[in-house]
Amino acid sequence: MPIRVIRKSDLAGTARHVCNDTYETFRFLLKPDGAGVTITDIVLNPGIEADYGYDGHVEMAYCIEGRAKLTDLATGIGEVIEPGALWIAPMGARFRFVAETQTRLICVFTPPFDGGETGFAGDQ
């Protein structure tokens with residue numbers, strides 16, 4: 001497989017660009033790409049409070065902008081998420097994410113997504 005370059009601008013307006021009232025995300029890699037992971041660039045709107053988690057995927061997210069609170073719903077333990085913070089949510093974990101400001105994350109999921117997943121707990 002040759003080296004590929006994927007530009008965010010090339011994803012705009014395609015099925016890999018999802019924009020709704022909660023977030024805007026660009027899905028750089030999906031299962032059909034053969035890379036073994038999904039990588040997304042997501043911006044969550046300020047004030048959003050939602051429960052997330054995947055039954056069949058591990059999620060790793062690195063914050064590059066904003067401020068949020070992440071609470072593990074199994075333990076009740078909360079953490080402040082700011083630039084430079086990374087979290088790992090194992091398969092089946094559920095967490096509440098509250099974006100205090102606009103928050104931008106680079107996320108990696110394994111195994112990779114097919115493309116239609118939302119991340120909202122119970123919406124899989």
Side-chain angles (χ1 to χ4, degrees):
M1 174 183 245
I3 294 173
R4 280 181 63 198
V5 174
I6 302 169
R7 290 183 172 75
K8 190 174 179 177
S9 60
D10 294 335
L11 301 177
T14 72
R16 291 179 182 230
H17 176 210
V18 178
C19 190
N20 57 42
D21 293 340
T22 306
Y23 60 82
E24 178 177 25
T25 186
F26 291 85
R27 297 171 176 175
F28 281 85
L29 293 173
L30 294 169
K31 187 176 184 177
D33 296 308
V37 298
T38 286
I39 295 180
T40 66
D41 180 341
I42 185 168
V43 176
L44 292 115
N45 296 328
I48 293 302
E49 180 174 341
D51 294 347
Y52 295 95
Y54 294 94
D55 291 331
H57 303 276
V58 174
E59 176 179 2
M60 296 149 275
Y62 182 71
C63 181
I64 58 174
E65 177 184 314
R67 181 181 168 91
K69 184 168 183 186
L70 177 108
T71 303
D72 183 322
L73 294 177
T75 66
I77 296 172
E79 295 281 348
V80 173
I81 302 298
E82 295 178 306
L86 177 134
W87 79 80
I88 301 168
M91 285 184 195
R94 297 290 186 261
F95 58 92
R96 176 159 296 133
F97 192 87
V98 180
E100 296 175 11
T101 66
Q102 178 175 292
T103 304
R104 184 173 177 205
L105 308 167
I106 302 300
C107 303
V108 177
F109 301 89
T110 184
F113 291 158
D114 293 318
E117 298 84 351
T118 66
F120 293 114
D123 190 24
Q124 300 174 50

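These values consider heavy atoms only, across backbone and side chains, with no hydrogens, waters or symmetry-generated copies.
The two residues Ala68 and Ala99 have their closest heavy-atom pair at CB-CA, 3.9 Å. In terms of heavy atoms, Gly36 sits closest to Thr110 at O-OG1, 3.8 Å. Residues Gly56 and Pro111 approach most closely at O-CD, 3.2 Å, considering heavy atoms. Across Ile42 and Cys107, no two heavy atoms sit closer than the pair CG2-SG, 3.9 Å.
Put simply, Phe26 and Val37 are part of the same group of oily side chains (I, L, V, M, F, W, Y) that touch within less than 4.5 Å, one to the next. The hydrophobic clustering, which links ILVMFWY residues whose side-chain heavy atoms are closer than 4.5 Å, places Ile106 and Leu30 apart. Val108 and Ile64 end up in the same hydrophobic cluster when Ile, Leu, Val, Met, Phe, Trp and Tyr side chains are linked at under 4.5 Å. Grouping the Ile, Leu, Val, Met, Phe, Trp and Tyr side chains by contacts below 4.5 angstrom, directly or via other members, places Phe95 with Leu44.
Between the CD1 atom in Ile6 and the CG atom in Asp33 there is a gap of 5.5 Å [rounded to 0.5 Å]. Of the inter-residue distances, the one linking Asp41 atom CG with His17 atom NE2 reads 10.0 Å to the nearest 0.5 angstrom. The CD atom of Glu59 lies 11.0 Å from the OG1 atom of Thr38; values are rounded to the nearest 0.5 Å. Distance check: Ile77 CD1 to Leu70 CG gives 11.0 Å after rounding to the nearest 0.5 Å.
A salt bridge between Arg96 and Glu49 is present, with a side-chain N of the basic residue lying under 4.0 Å from a carboxylate O of the acidic one.
Contact annotation: the side chain of Thr103 approaches that of Cys63 to within less than 4.5 Å [non-hydrogen atoms, C-beta and beyond]. Side-chain contact between Glu65 and Val43 is absent, with no heavy atoms from C-beta onward closer than 4.5 Å. With a 4.5 Å cut-off on side-chain heavy atoms, Ile88 and Val58 count as touching. Put simply, the side chain of Ile48 does not reach to within 4.5 Å of the side chain of Tyr23, judged on heavy atoms. Residues Trp87 and Leu105 meet the side-chain proximity criterion, which asks for heavy atoms closer than 4.5 Å. Arg67 is listed as a side-chain neighbour of Val80, based on a closest heavy-atom distance under 4.5 Å. Side-chain contact between Phe28 and Arg16: absent, with no pair of heavy atoms (C-beta onward) separated by less than 4.5 Å.
If you run side-chain contact (heavy atoms from CB on, under 4.5 Å) between Arg94 and each of Asp51, Thr71, Leu73, Asp72, only Leu73 comes through. Looking at Tyr52, Phe113, Phe109 one by one, the single match for ring pair (Phe, Tyr, Trp, His ring centres under 6.0 Å) with His57 turns out to be Phe113.
Residue-environment remark: NZ (Lys8) exceeds the threshold of 12 foreign heavy atoms within 6.0 Å. The number of heavy-atom neighbours closer than 6.0 Å to CD of Glu24, taken from other residues, nucleotides and ligands shown, is above 12.
Checking side-chain atoms of Asp114 against main-chain N and O of Lys31 turns up no donor-acceptor pair under 3.5 Å.
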